[in-house]
Every structure is written in C-alpha cells, then in structure tokens.
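On a predicted model such as this, the values are computed, not experimentally measured, just so you know. Remember, it's 1-based here, ligands and their atoms both numbered in the order they're listed.
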Amino acid sequence: MGASFATLHVLFLIWFFPIAFSLSLFFFKAESNSNVSCNEKDKQALLTLKRAFTDHEHVLSSWSDHKDCCLWDRVFCDKKIGRVSELHLNHSRLGGEISGSLLQLEHLNYLDLSYNDFNCTRIPIFLGSMFSLTHLDLSRANFSGLIPHQLGNLSSLRYLSLRNNSDLYVDNLHWMSGLSAIQYLNLGYSDLHREVDWLQIMSKFPSLSELDLYNCQLDSLNPSLGFVNFTSLQVLDLSKNHFNHEIPNWFSNLSTSLLRLDLYNSSLKGNILPSIFNLEKLEYLDLGLNSLNGPIPSSFGNLSRMRVLLLDHNQLNGTIPKSLGLLSRLENLYVGKNSLTGIVDEGHFRKLSKLKELDMSEAGLSFNVNSNWVPPFQLEYAYISSIKIGPNFPSWLQSQRFLSVLEMSMSGISGKVPGWFWNWTSNITVINLSNNRIECDVSDIFLSHTVKELNIANNSFYGPISTFLCQKKIRKNKLEVLDTSNNLLSGELSHCWKYWQSLIHLNLGSNNLVGRIPYSMGALVNLQSLCLQNNSIYGDIPSSLKKCLNLRLIDIGDNHLSIIPLWIGEMTNLLVLRLRSSEIKGYIPQQICQLSSLRVLDLANNSLSGSIPNCLKNISAMALPDSYDNSFSYFVSFIYWNMQASYVENVQLGPKGKEMEYKENLKLVRLIDLSSNNLSGSIPTEISNLSKLRFLNLSRNHLMGEIPEKIGSMKDLESVDLSRNHLSGKIPPSMSNLTFLSLLDLSYNNLSGRIPSSTQLQSFDALRYIGNPQLCGDPLPKSCTIEEQSLNRSPIGSVEDDSKNSSFYISMGVGFTTGFWAICGALFFIRTWRDAYFRFVDEIKDWIYETTMRKMNLL
Ligand SMILES: *[C@@H]1O[C@H](CO)[C@@H](O)[C@H](O)[C@H]1NC(C)=O
Ligand SMILES: *[C@@H]1O[C@H](CO)[C@@H](O)[C@H](O)[C@H]1NC(C)=O
Ligand SMILES: *[C@@H]1O[C@H](CO)[C@@H](O)[C@H](O)[C@H]1NC(C)=O
Ligand SMILES: *[C@@H]1O[C@H](CO)[C@@H](O)[C@H](O)[C@H]1NC(C)=O
Ligand SMILES: *[C@@H]1O[C@H](CO)[C@@H](O)[C@H](O)[C@H]1NC(C)=O
Ligand SMILES: *[C@@H]1O[C@H](CO)[C@@H](O)[C@H](O)[C@H]1NC(C)=O
Ligand SMILES: *[C@@H]1O[C@H](CO)[C@@H](O)[C@H](O)[C@H]1NC(C)=O
Ligand SMILES: *[C@@H]1O[C@H](CO)[C@@H](O)[C@H](O)[C@H]1NC(C)=O
Ligand SMILES: *[C@@H]1O[C@H](CO)[C@@H](O)[C@H](O)[C@H]1NC(C)=O
Ligand SMILES: *[C@@H]1O[C@H](CO)[C@@H](O)[C@H](O)[C@H]1NC(C)=O
Ligand SMILES: *[C@@H]1O[C@H](CO)[C@@H](O)[C@H](O)[C@H]1NC(C)=O
C-alpha cells in the first residue's frame, strides 16, 4: 500500500512540476505588471485592529499574517501602491475596541463599520484624524454619547452616516462646518435639539445633496428664515421631529434641486401652500401624520415627476383636485385619514397608469365611477375602507390582476358578492370586507393559498359553518386571520380544524353557532386568539385547547358553558380571559393565579360560588409596577406581512357597568370583573397588591367583611364597584389616595362610619353610598353627628345611570369635554394634568368648567 502510494506521488510530481512551474511564472509576471502586494505597515495595523475586536462570527478569519493583506476579506487595496484603501466591516457583529492602529492606514478612504455592536461606547476621537477618509459609515453600530467635534476635521469626507445608534447627541454643530466636501449626511436618531442654528450650518455645505435628520428631536424649521441656500440638495428627510409650526416658505428655494422630501410625523400645522411646493423636480413627497389642514393644492398636478405622494393622517379638507389625475408617473397616492369631502370619479385617475398603491380610507370621500369603468392602473394595495363605494360591489376591481391587499371595510356595499369575486381573489393576501351589508353563502367562498386574512365581520354571510370549514377547495388555505363575527353563520363547529392550522386570530363571535367546542380545535397550535362569544355553545371547554400554548386571548362569553377548567392555569401566555355571561357554575380555581401575564379577567354574570382566590397577587401583569411590555400591544394590533396589513382585536368589556367595544385601547386595560355571581367570603386583603389594576368590579355578590384597608395602594384604579354585597366596617381612609378614581360605587352594603374626606370621595353622587344605613358624612345628607337622621332613599333604578360620566378615557372627548380637549389635549399625557382631568370629569360643576375656560382664554 505505502509503496504504491509513493510511486503515484513521484509520478504525479514528474508530470505536474513543469506545468505548475510555468503557471507560477506566468502569474508572477502578470502580478509584477500591475499588482503590488500589501504594504507591511498596513498589514500590521490591520492585525492590531483585528486583535482589539471581538469577532464572534469569525468574519476576519482570512486576516492572517502569511497572506497578502490585499487578498483578505473585506479589505481593498490601491493595487498600484499596495496600500489599503477600503475596509468594509459592516454587518459583522464586531465588538470590542476600535484600535488606533487604523491611523497607520494613511491611504484609507472608505471605512464602513455599520451594523456592529460597540456596546454603547463613544465614537473614537481619533477617527477625526483620518484625513484621507471620503466615506465613513458608523450607522447602527451601538455607539453612544457626544458625537466628537474632531469629525469636523475630515475635510475630504463626502459620505457620513451616524444613523440609528444608541443615544448619540451633539452639544453644538459648529464643528461640522469643516466638512466642506460633504455630499451625504445622515444623523438620524441623534439628538440635535441643543443646536438651534442647525439649519444655517447645514445649508452652508456647497455639495450637500442628501440630508437625513430623521428623529433628531429638532423643534424648529426656522420659519422666519427667508432664504436657505441648499444649492445642491436633492433628498431631505426631516421626519419624526416636532416642529409645531407651519411649513416654512424657504422650502420653495429648493425648487431647482429637490427630488425627495420627507416631513412625516413632524407635528406640522397650517395649510399646504402652493407657493412653497413649486418644486418642479419633486418625485417623492411625504407629509403624512401631521396636523395639516386646508385643501390639497391643485397645483400638485403640475409636479409632473411625482411618483409618491403621501398626505395621509392629516386634517386636510375640501375635495381631491382632479389635477392629481395628470400625474402620469404616480405610483403611490395616500390621502387616507383626512377630512376631505366630495366625489372621486374616473377623472381623478385619468392618467394614473402607474398607480400601485392607493389609500383613500377614512377620508370622507365617495367613490362614483361607471359600472363598466376599466381603470388605467393595476393596483397592488387598495386601502379603500370607510369611503362610500356601494351599494353595488365595485366591478372595476375585476380588472385588477395584481392586487395583494383589499381593505374595503365600511364602504356601504350591500347585496350579493358577484360571481367572479372569489376566483378573482386567487392572488390576494388580505381580504377585508368587514362592516358592509354583504350577503353571501359561506360555501361560495374560495381561499387560495395566498390569502392570509379574511375579515368578513359585520355582514350577512350565512350558511352552516361546517360547509365552509370542511369544503375541499379550501383545504390548502394558509389563513392566519379569520374574522366572521357578527354574521348569520349557523350549525356546529366542525371537525375540520386540521385544515386551518395556520390560524393565529380566529373570531367566530355573534353568529348562530350551536353545540360543543370540538376537541379537534386543539389542532390550532398557532392560535393566539380564540373568540367564540355570543353564540349558543354549551358544555365544557375541551382540554385539547391546552395544546394551543400560544393562546393569549380566550373569549367564550355569552354562551352556555359549564365550569372553569383547572387546566386553564397551564395557559401561561393568556392575556385576556373573558367568560362572562356564560352560565358557568362551580368556583374560581386557584389555578387562575398561575396566569401571570393576565391583564383582563372577566368572569362576570355567571353562577360562580365560593370565595375569591387569595392568590391573585401572583398575576404579576396586574401587580408588578414596570411589568409593561410591548408584546401585549403587538398582540392587540397584529401587524404583519411587511407591515402592509394589520388586524386589531375586538373585545366587549364592561369595566364600569356598561359594555363597550375595546380595540386598540384594549392594551391599556387592566381589569378584574367578577360582578353578578354568587361569590361569598371576604375580599382577599392581598388584592391590594394589584397595583396596576385600573378596573375592579366585585358588585352583586355576597361578599362580607371589610374593604381591604390598603386598597389605596392600588394607585391606578379608575373604577371600583363593590356595590350590592354585605361589606361592613369603615371605608378605608387609604381610599382617599386613589387620585384617578372616576367611578366608585359602594351602595347597598353594611358600611358604617364617616366617608373619608378627599377631593375624590366627596365628588361622587350620594347614590354611590346609599343603602349603607350607618354611613355618614358628605356627600350623604346624613351628617355624622346626628346618628338618628334617616336616609333619603332614592329609587334603585337610578343607580345604573352613570355611564355618561364614566366611560374609559380613550373614548372621551365627546360631549362637553370636547372644548376642554381642544385646548388641553396635548397636556393629556402629563400625569398631573391627566389626574386633574379625571377630577374634572367627575366632580365638575358648570362653574368650574366656565371659570377654567375663562382663565385659559385669558392666557
Ligand atoms: C490583481 O489581483 C487581483 C486579485 O486581487 C486579480 O483578480 C487580478 O487578476 C490581478 N491583476 C493582474 C494583472 O494579475
Ligand atoms: C456592506 O455594505 C455594502 C454596501 O452597502 C454591501 O454591498 C455589503 O453587502 C455589506 N456587507 C455585508 C456583509 O452585509
Ligand atoms: C448596545 O449596548 C448596550 C450596552 O452594552 C446593550 O445593552 C445593548 O443590547 C446593545 N444594543 C444593541 C442593539 O446591540
Ligand atoms: C459592555 O459594557 C459593559 C459596561 O458598560 C461591560 O460590563 C460589558 O462587559 C461590555 N460588553 C462587552 C461585550 O464588551
Ligand atoms: C480637529 O478638531 C478639533 C476640534 O474641532 C481641534 O481642536 C483640533 O485642533 C483639530 N485637529 C487637527 C489635527 O486638525
Ligand atoms: C435601529 O436600531 C435598532 C437596534 O439598535 C433596531 O432594532 C431598529 O430596527 C433600527 N431601526 C432602523 C430604522 O434601522
Ligand atoms: C448660495 O450658495 C452658492 C454656493 O455655495 C453661492 O454661489 C451663492 O452665492 C449662494 N447664494 C446666496 C444667495 O447666498
Ligand atoms: C377647511 O377647514 C377650515 C378650517 O380649518 C375652514 O375654514 C374651511 O372653510 C374648510 N374648507 C372646506 C372646503 O371645508
Ligand atoms: C394572478 O397573478 C398572475 C401573475 O402573477 C396573473 O397572470 C393572473 O392573471 C392573476 N390572476 C388573477 C385572478 O388576477
Ligand atoms: C372558479 O374557478 C374554478 C376552477 O379554478 C372553476 O371550476 C369555477 O367555474 C370558477 N368559478 C367562476 C364563477 O368563474
Ligand atoms: C397615601 O399615600 C401616601 C404616600 O403614598 C402615604 O404616606 C399615606 O399614608 C397614604 N394615606 C393613607 C390614608 O393611606
């Protein structure tokens, strides 16, 4: 074996050597003509650099001493002189230290360190001495602290990006004037608010063509400046700042150069003046999410290069100018969420043959096109909710062959779905036809594998749900969101759930469904919300649902269930459990306390008996301060598919007696509602550990004993209803510490003694305390000194009528408070003001309102 291998080896060498020799000669020759190998000093500098980095991904593994450094990964040389000219170290998960050896690379002109993690360290000052640099990218590299003034010494720099680091800031920007060659400047996410002259400084760069100051905490665009000399500026992004003034005139100076202007979400006010937007080269204009009012200028029709026009989320009024129909290059037109009026017809789209994205939702418009209109465009995204389109189903949709999103909720469509519709949806991802009056047999629905959302809530879809769920033609569906609530679906929940395993959000509420919840629903392992409320479902909640470990919301209220299963404690991701009005008997299992993420526990109006579990403090989402996390928000408004679509949960809750719909505002709710059951025993004292709870309703039970003495430590409480129990003892003095309290009902118990005095407690109507014969003091007519004085009982019915001053604050801004909001809306999130506001809502008498308004007018 060994011998024959040696023979082969020798043979190989004899044959191969001459070839290899001549080849290497050839290469040597070529190289000597034009490629010089790496400079030794540069190589050593790079090796030092590598040693100081932490390189978890081994992206620098090719950087080794015995190899020409010009051949290393991410290193580029000027081949003629063998000096390193470019380092592309982006997206490398590098960390650790940036060695000063970089300074040895005298010919380095391109340095990209973006998308690394330098652990909140400062930007190295020595970078300001790398005078050969023309390109410096430090974006998203987790630098923090003061941006070093020394960077202003880089007079050859053409490209500088510091975008999206952690907490970079400047004390001033005067040092920046040294960047005389700068063409691209991106300081996005840095805090620049300390420099009031930023505009004057940045407009002095003669070659600046792109300036990005996204989210830089700027508070003025200096509207008083008559002239700003951005001679070469093509792209300007000032989104997500807070300017609080009108769009300044100086933008009109940019008419010869500006191609793209972003002023999204920047608190801009006032009208869009045609004189400012005489920007003839403009291709991209984003003024969305501001407070702009007045009309859309018809002169926009002259901006013939416009591709993207985003004016959504403002208060623009008037009609949409027909001239927009002339923008033959327009691809995206967003005018949704405004206060526009008037009719949109064929003329508005006359030349819009390139249009791909159209947002006209919630803008106050009506669509009126001929039934045989064939649009010039092929849309991909159609957001046309809350715009009057019906009563007929729009037949022009049939011509749209590339549509991905059809949001056509609340558009006044009634009657039958045309025959072509379901086959036509074969390329669609999102179908939202909710809140219309559409009639359709569910067995006609066809869902191709592209559809991720079908929302037909609030219509007249009819037929047995099993024919829909079990039909062969939709077994390959990949549906993630199915909302058929508020329709006329009937029959039993089928056993075909195995075909629906992609489902994440399922709402079949308010139909005519009957029967038991099938065991086979346990197949829905991706399910996060299960809503079956308001049907005629009976029996047990099957234990197979334990397998749906992602469940965050269960709503089976308004049905005919039996008991609360013990295994519910295993559903540790649950955020919302609503089983109200479902004829549930038995007791509340201790296991419920294992649901540490629970924010909403609504078991009201059942036949539950026994006592309230004394372990509630284990529900840490209601107990721990700082337990707020975004996951609840993300769950409530589910945004998916590249942010092009969203689905908002919808739950009926009655935190203050009257049920209302909670959507986005669900994320603010922390609620326990056990009212109208047969619960007995005392209120567990440890309930006062639930310091994040906002709504507590234990009314209409048989609870005895005292109100927990430390109830005042539940500082976020907005509503407490303990009425119609057998509670005794005094009202705890700590209650006067509940400054957010806007509803309190302690009526019809056996409470005694004086009502503690506080701004809050005396502000409630006496009806909130009646039915406690031994209770005395303001606001009851019975004063505490004359014990015998009898109570003036009011009719029982009037106790209920409090909804007018107690709805959840998200829904406020109606009635007399509107005027108040118009002035103080912005102050809402300042805690003391919010605090004061709640006092207003409750204790307000007209004179308080009037004097306040007058004071404000004076100011
Ligand atoms: C110089 O080196 C590069 C590799 O870095 C190679 O692709 C190129 O062919 C070489 N040039 C010559 C003339 O050999
Ligand atoms: C680094 O950035 C360049 C230019 O943006 C890009 O082409 C390259 O793919 C990036 N490198 C990595 C590893 O992502
Ligand atoms: C930035 O660095 C800080 C401090 O070490 C670290 O906590 C954080 O996770 C880092 N952020 C990113 C996005 O890498
Ligand atoms: C990040 O910085 C912190 C101190 O700010 C330090 O404790 C930690 O070790 C650093 N992590 C790395 C990976 O350098
Ligand atoms: C660089 O800039 C700093 C501050 O802006 C200045 O003090 C320093 O003298 C400059 N260094 C060089 C070498 O130009
Ligand atoms: C900014 O950086 C953070 C991490 O530091 C990242 O989560 C976020 O997506 C980035 N934003 C943008 C717009 O790049
Ligand atoms: C604007 O800047 C350019 C070049 O920097 C200069 O030539 C021109 O005079 C300036 N115009 C005004 C009115 O300042
Ligand atoms: C638009 O709103 C302004 C007030 O913001 C009002 O003065 C004007 O009359 C309105 N225009 C139309 C067409 O409704
Ligand atoms: C679906 O898209 C393809 C191209 O992606 C197109 O040819 C076809 O006509 C579309 N189907 C419908 C029903 O629009
Ligand atoms: C829908 O398509 C199916 C086959 O894909 C076909 O059998 C059916 O006739 C079509 N329905 C209509 C109304 O076009
Ligand atoms: C109200 O709260 C304050 C501070 O949180 C506390 O010192 C005081 O004792 C509380 N009052 C009552 C009556 O519990």
Side-chain angles (χ1 to χ4, degrees), residues 90-95 100 102-103 106 113-133 136-157 160-168 170-182 186-191 195 201 212-216 237 239-241 246 262 264-265 268-273 286 290-298 311 314-321 335 338-343 363-366 629-631 634 639 642-643 822:
N90 48 320
H91 294 92
S92 306
R93 293 196 49 207
L94 292 174
L102 268 180
L103 284 172
E106 289 148 354
L113 288 167
S114 62
Y115 290 81
N116 287 298
D117 183 358
F118 293 107
N119 196 17
C120 284
T121 53
R122 288 196 50 191
I123 294 175
I125 287 170
F126 68 77
L127 291 180
S129 305
M130 303 191 62
F131 303 112
S132 54
L133 281 182
L136 178 59
D137 193 343
L138 304 178
S139 56
R140 207 172 157 185
N142 210 3
F143 287 114
S144 70
L146 184 72
I147 300 175
H149 293 188
Q150 285 78 359
L151 292 185
N153 292 341
L154 299 175
S155 56
S156 306
L157 208 59
L160 175 62
S161 179
L162 305 178
R163 185 182 173 91
N164 198 9
N165 279 287
S166 338
D167 306 317
L168 282 180
V170 301
D171 48 359
N172 69 67
L173 283 171
H174 291 283
W175 52 272
M176 204 167 244
S177 54
L179 298 175
S180 51
I182 200 79
N186 193 333
L187 302 178
Y189 298 85
S190 307
D191 180 356
E195 177 56 82
I201 293 166
D212 189 335
L213 301 178
Y214 178 93
N215 194 7
C216 284
D237 190 344
S239 299
K240 206 153 189 260
N241 287 291
E246 305 193 349
D262 288 80
Y264 176 80
N265 192 2
L268 290 164
K269 299 195 278 211
N271 289 1
I272 305 176
L273 297 179
D286 188 353
N290 283 294
S291 303
L292 298 168
N293 52 32
I296 299 175
S298 64
L311 305 173
N314 279 291
Q315 286 125 41
L316 300 172
N317 66 5
T319 57
I320 296 193
V335 295
N338 275 296
S339 309
L340 300 167
T341 46
I343 286 172
L365 298 164
S366 305
D629 66 291
N630 280 329
S631 60
Y634 288 137
I639 297 174
N642 301 331
M643 322 247 307

**OP:** Apply side chain to side chain donor-acceptor pair (under 3.5 Å) to D212 and list each qualifying residue two or more places apart in sequence or on a separate chain.
**Re:** R163, N186
**OP:** Grab the two heavy atoms, one from N116 and one from L94, that are nearest each other, plus how far apart they are.
**Re:** OD1-N, 2.8 Å
Original post:
How would you list, by chain and number, every residue that makes a side chain to side chain contact (heavy atoms under 4.5 Å, CB included) with N271, sequence neighbours excluded?
Top reply: L273, N293
Original post:
Short list, please: which atoms of ligand 5 are under 4.0 Å from a heavy atom of F131?
Top reply: 13 (C)
Subject >> Nitrogen or oxygen of R163 less than 3.5 angstrom from that of ligand 6 >> reply: no
Subject >> For the student: nearest non-hydrogen atoms of L162 and L168, plus distance >> reply: O-CD1, 3.9 Å
**OP:** State, yes or no, whether a side-chain contact exists between I296 and N338 at a heavy-atom distance under 4.5 Å.
**Re:** no
Subject >> Results of side chain to side chain contact (heavy atoms under 4.5 Å, CB included) for D117 - residues two or more places apart only >> reply: N119, N142
**OP:** Using heavy atoms and a cut-off under 4.0 Å, could you grab the residues that are in contact with ligand 8, chain by chain, numbers ascending?
**Re:** N317, G318
Original post:
Based purely on interatomic distance, does W175 place a nitrogen or oxygen under 3.5 Å from a nitrogen or oxygen of ligand 5?
Top reply: no
Original post:
What is the minimum heavy-atom distance between N153 and F131, and which atoms define it?
Top reply: O-CD2, 3.7 Å
**OP:** Within a distance under 4.0 Å of any heavy atom of R140, pick out the atoms of ligand 6 and give their elements.
**Re:** 2 (O), 3 (C), 4 (C), 6 (C), 7 (O)
**OP:** Using a strict 4.0 Å cut-off to heavy atoms of N153, name the atoms of ligand 5 that fall inside it.
**Re:** 1 (C), 2 (O), 3 (C), 8 (C), 10 (C), 11 (N), 12 (C), 14 (O)
**OP:** Anything under 30° is parallel, anything over 60° is perpendicular, the rest tilted; go ahead and classify Y189 against Y214.
**Re:** tilted
